[in-house]
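Encoded as structure tokens, the structure appears first; notes follow it.
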Amino acid sequence: MATARAKGRGYEIRVSMGYDMNGKKITKSKTWIPPKQFTPKQLEKELERQKVLFEEEVKTGNCPTSNMRFKMYADMWCKEYGEQFLAPKTYYRYCDYLKRINIGNL
């Protein structure tokens, strides 16, 4: 179950993922900043929706982690974003750059 608390201009959304082998609680969190034009009722409804969406991201493994290597993140970005939203030539060039960058990051 995701929880949210007010933090600054936005809300901190936290999801618990159980415990590690040392008994320490594993949590993921993100900050969501709502648009200013929301009414209190709209804000409450959208916050609940954001909590559910973030919990689904974490449970399915689509949430980037802090210990993720650049190569893994770049590959995920290329597959999920680059192929869909970049022009073919731009996508090819970015992939070529990433091959050169990741030679030292193996």
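Only a predicted model underlies this, so the values are computations on that prediction, with no experimental measurement involved.
- By the rule that hydrophobic residues join a cluster once side-chain heavy atoms approach within less than 4.5 Å of another member, Ile26 and Val58 end up as members of one cluster.
- Between the CG atom of Leu47 and the CD atom of Gln42 there is a distance of 13.5 Å, given to the nearest 0.5 Å.
- Transitive grouping of hydrophobic side chains (ILVMFWY, heavy atoms separated by less than 4.5 Å) keeps Val15 and Val52 in distinct clusters.
- Distance alone, capped at 3.5 Å, places no donor-acceptor pair between the Asn22 side chain and the Lys24 backbone.
- No single ILVMFWY cluster, assembled from side-chain heavy atoms under 4.5 Å apart, contains both Leu53 and Met76.
- Atom OH of Tyr94 sits in a sparse spot, with 12 or fewer heavy atoms from other residues, nucleotides or ligands closer than 6.0 Å.
- To the nearest 0.5 Å, atom CG of residue Leu86 and atom CD of residue Glu83 are 10.0 Å apart.
- Atom OG1 of residue Thr31 and atom CZ of residue Phe54 lie 9.5 Å apart, to the nearest 0.5 angstrom.
- In terms of hydrophobic clustering, with Ile, Leu, Val, Met, Phe, Trp and Tyr side chains grouped at heavy-atom distances under 4.5 Å, Tyr81 and Tyr91 are assigned to a common cluster.
- Under the 4.5 Å side-chain heavy-atom criterion for grouping Ile, Leu, Val, Met, Phe, Trp and Tyr, Trp77 is connected to Phe85 within one hydrophobic cluster.
- No salt bridge links Asp75 with Lys79; every basic N to acidic carboxylate O contact stays at or beyond 4.0 Å.
- Closest of all the heavy-atom pairs between Cys78 and Cys95 is SG-SG, 4.2 Å.
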Task: Working for side chain to side chain contact (heavy atoms under 4.5 Å, CB included), residues Phe38 and Lys45 - done: CA-CA 10 Å; Phe38 275 2; Lys45 189 174 182 179; over 6 Å; no
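- Applying the side-chain hydrogen bond (donor to acceptor under 3.5 Å, both in side chains) test to every pair with at least one member in residues 46-55, sequence neighbours left out, gives these pairs: Glu46-Arg49, Glu46-Gln50, Glu48-Lys51.
- Remark: Leu98 CG to Lys71 NZ distance equals 9.0 Å, nearest 0.5 Å.
- Rounded to the nearest 0.5 Å, atoms NZ (Lys28) and CD1 (Ile13) are 15.5 Å apart.
- In this structure, the separation between NZ on Lys7 and CZ on Arg14 is 7.5 Å, given to the nearest 0.5 Å.
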